Amino acid sequence: MVAPVTTAAGGGRQASPRRKGNDRGPSSGSVLAWLVVVPFLAYVGTFLVYPTALVLAGAFQDADGAFTLANLAALTRGAYLQAFLRSVQLSAITALLGAVLGALLSWGVAVGKPDGLVRRVVVAGAGVLAQFGGVPLAFAFLATVGFQGFVTRFLRDSFGVDLFATGAWLFELPGLTLVYTFFQIPLMVIVFLPALDGLRPQWREAVDGLGGSAWTYWRHVGGPILLPAFLGAVLLLFANAFSAYATAAALVSQGSPIVPLQIRGFLTGEVLLGQENLGKALGLGMVVVVAVAMGLYAVLQRRFARWQR
Amino acid sequence: MAAVTRSRSVARTVILLVLGAFFLLPLVAMAEFTTRGAGGTRSLASWAAIADDPDLVEAILVSVQLAVTSSVLVLVLLVPTMTWIRLRLPGLRRLVEFLCLLPVAIPAIVLVVGMAPLYAWVNYFLGDSPLTLTFAYAVLVLPFAYRAIDAGLSAIDLKTLAEAARGLGASWGTVLLRVVAPNIRTALIGASLLSVALVLGEFTIASLLNFDTLQVRVNLLGKRDAGVSIAVSLLTLLFAFALLFLLSFIGGRRRDTAVGGG
């Protein structure tokens, strides 16, 4: 991907003959016009495209840099396969939970006042929890249902219920599911609220006027229109949970149940010599899963956009 | 109709109350946890300890500086490029859009695998200051900044403005700084606020490249003294909330002016 940068900068091929007395700055074909975008392309090439290419290429190389498929083959076995399956399971469950509950919350917000306080608070709060939570969310749940958490203590002192009777679930997959749902619902609000806002009140009025019930409206009008947006949001949520790292890293310090934590192991040196590129193969696996989910999301978004014109 | 409206408002109230409780409970728990004293009393010791920890204060300062440098870098890179592409190089628009949205499809945990060797070079040439994270963070905020600036540029008649300024003898620098920037200032503020919030919350890249930022320090502290970590976590969540709450008013004002101008 560094190649297009050089061809772009040297794109004098298309240079049109300069107009005489042109003081309006460089025209679109001249080398000068291309120079303006060079800093951006150079920066993105260095800090985005190059590291990405390094991971993707490394997945196909052995310790000496020779081509191999052994890294990818290792992903289909044992602990790595387990980690992928657990990651997919965690992402799918929290995507569905987040999508359903988030859609309900979006509806609750959408039928209210467009500039009301409820909407402002929910939207701002959703932005915080969905995109900037990370480590603070892990600590929020430690304070709530950790060993000495608020709810844990309350249940123990008032009802004699021991939340940890079945083991340290908060630091394993069930705990991750709970905490992930906590940031998936807000993300659903962010992506689904605009879709709900796109429903025209006239459609509802038309159904009411023709004697339809709320059920008729959602079954035959609102539901079908929103379905692509909803499914798209499920995919986006799936990709979001699949790529999340910070919350899990802060919560799980022992073992690596999911793929991002497996990659952490490779970066912090808990691996055998000569297997460094396995971490890159795990990275490639994550990129493929996320890219498929995001690609389908883009397709569904375009389908839905038809109704928003 | 009245029955429909009433059942709808009942359903709405139930949803908002139940989910509101789900989201408020951890925040209340954090407040309770951080004010625990010895033997069932209340104490603000965890909160006082924030200022007493020089490493934590240092990490907070690093994160604040990073928030500023990353926002500035991403704006300096994107605004001239995106303006120029709209004016002179429309053919590049798809490529730039693709590059800017690419970080969405590449998880930070994967990006950091490729950045680790790159940062060996960065630290060799530029020293190992945590501020070198600016380069990585500007990539992370790229999609958010791109969307905000793109919306801003779409809302103005860029070609006419630029041609008018050029016709009156303005240089391209003047056009950018004194014509384009003021006209898309709400978009610039929006992009900056999002960048600030994102950088203050970033953990993945900083921790795996071994830089001491706010979230890295909070995570480390939590192993020893959960109280302080939870206090700082609550503080950052509230601060990010304040930033985004502010942003909702800026967005609203833009809509008003758009209506007024149209």
Side-chain angles (χ1 to χ4, degrees), chain A residues 4 8 24-25 28 33 36-37 39-40 43-44 47-48 50-52 54-55 101 104-105 107-108 111-112 115 118 120 123-125 127-129 131-136 139-144 149-151 185 208 214 243 245-246 249-250 260 263-264 267 279-280 283 286-287 290-291 294, chain B residues 1 4 8 12 15-16 19 23 25-30 32-33 77 80-81 84-85 88-89 92 99 102-118 135-136 139 166 172 197-198 200-201 203-204 208 215 218-219 222 226 229-230 233 236-237 240-241 244-245 248 252:
Chain A
R24 290 278 185 105
S28 65
V36 177
V37 293
F40 169 81
Y43 169 77
V44 172
F47 286 94
L48 175 60
Y50 174 70
T52 309
L54 210 62
V55 174
L101 295 173
L104 285 174
L105 184 55
W107 176 81
V111 296
D115 274 334
V118 171
R120 280 190 201 284
V123 170
V128 175
L129 298 178
Q131 282 154 335
F132 317 114
V135 175
F139 282 104
F141 275 82
L142 279 181
T144 314
F150 177 59
V151 172
I185 297 175
D208 287 342
S243 10
Y245 167 79
I263 296 181
R264 166 175 73 177
L267 281 166
K280 292 175 184 154
M286 283 190 76
V287 170
V290 172
M294 295 301 288
Chain B
M1 271 307 280
V4 171
R8 193 202 273 192
R12 174 172 188 252
I15 288 171
L16 289 180
L19 287 174
F23 283 105
L25 182 62
L27 299 181
V28 172
M30 288 168 102
E32 191 274 340
F33 196 103
L77 278 171
T81 308
W84 191 248
I85 278 172
R88 289 297 161 98
L89 301 168
L92 271 186
L99 288 172
L102 192 59
V104 173
I106 301 171
I109 178 75
V110 177
L111 205 57
V112 77
V113 174
M115 275 189 175
L118 188 63
F135 298 116
V139 165
R166 291 290 293 164
W172 282 110
L198 201 77
L200 291 183
F203 171 76
T204 309
L208 291 170
Q215 301 297 342
V218 166
N219 183 43
S229 284
I230 291 168
S233 295
T236 52
L237 286 177
F241 177 79
L244 294 194
F245 193 62
S248 79

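Quick note on labels: first sequence line is chain A, next is B, and so on, each numbered from 1. In this text the structure is predicted, and so the values were computed from the model without any measurement.
- Between A:Ile263 and B:Val113 there is a side-chain heavy-atom pair separated by less than 4.5 Å.
- With a 4.5 Å cut-off on non-hydrogen atoms, B:Leu200 does not touch chain A at all.
- Of the atoms belonging to B:Leu237, heavy atoms from both backbone and side chain fall under 4.5 Å from chain A.
- Taking CG from B:Leu244 and CZ from A:Arg120, the interatomic distance works out to 13.0 Å, rounded to the nearest 0.5 Å.
- The ring pair (Phe, Tyr, Trp, His ring centres under 6.0 Å) search around A:Tyr43 returns A:Phe47, not counting sequence neighbours.
- In terms of heavy-atom proximity, A:Val135 sits nearest to B:Asn219 at CG1-CB, 4.3 Å.
- A distance of 11.0 Å separates CG in A:Leu54 from CE in B:Met115, rounded to the nearest 0.5 Å.
- When side chains are defined from C-beta on, B:Leu77 does not count as touching A:Val44, because their heavy atoms never get closer than 4.5 Å.
- Annotation: maximal heavy-atom pairing with chain B below 4.5 Å, among A:Val151, A:Leu129, A:Val37, occurs at A:Val37.
- Looking at B:Arg12 and A:Leu104, their side chains never come closer than 4.5 Å, going by heavy atoms from C-beta outward.
- Of the inter-residue distances, the one linking B:Leu16 atom CG with A:Leu105 atom CG reads 6.5 Å to the nearest 0.5 angstrom.
- Interface remark: B:Glu32 contributes side-chain atoms only to the contact with chain A (heavy atom separation under 4.5 Å).
- Between B:Ala240 and A:Val128, the closest heavy-atom pair is C-CG2, 3.5 Å.
- When the candidates A:Pro39, A:Gly134, A:Gly283 are compared by the number of heavy-atom contacts under 4.5 Å with chain B, A:Gly283 comes out ahead.
- To the nearest 0.5 Å, atom CE of residue A:Met286 and atom CD1 of residue B:Ile109 are 7.0 Å apart.
- Expressed to the nearest 0.5 Å, how far CG of B:Leu102 lies from CG of A:Leu48 amounts to 4.5 Å.
- Between B:Val112 and A:Tyr245 there is no side-chain heavy-atom pair separated by less than 4.5 Å.
- With a threshold of 4.5 angstrom between heavy atoms, B:Leu208 approaches chain A through side-chain atoms but not through N, CA, C or O.
- Residue contact with chain A, scored on non-hydrogen atoms closer than 4.5 Å, involves the side chain of B:Thr236 exclusively.
- Contact record, B:Ile230 with A:Phe139: CG1-O, 3.8 Å, taken as the closest heavy-atom pair.
- When each of A:Val123, A:Leu142, A:Ile185 is checked for heavy-atom pairs under 4.5 Å with chain B, A:Ile185 comes out on top.
- The ring pair (Phe, Tyr, Trp, His ring centres under 6.0 Å) check on A:Phe141 picks up A:Phe182, with sequence neighbours excluded.
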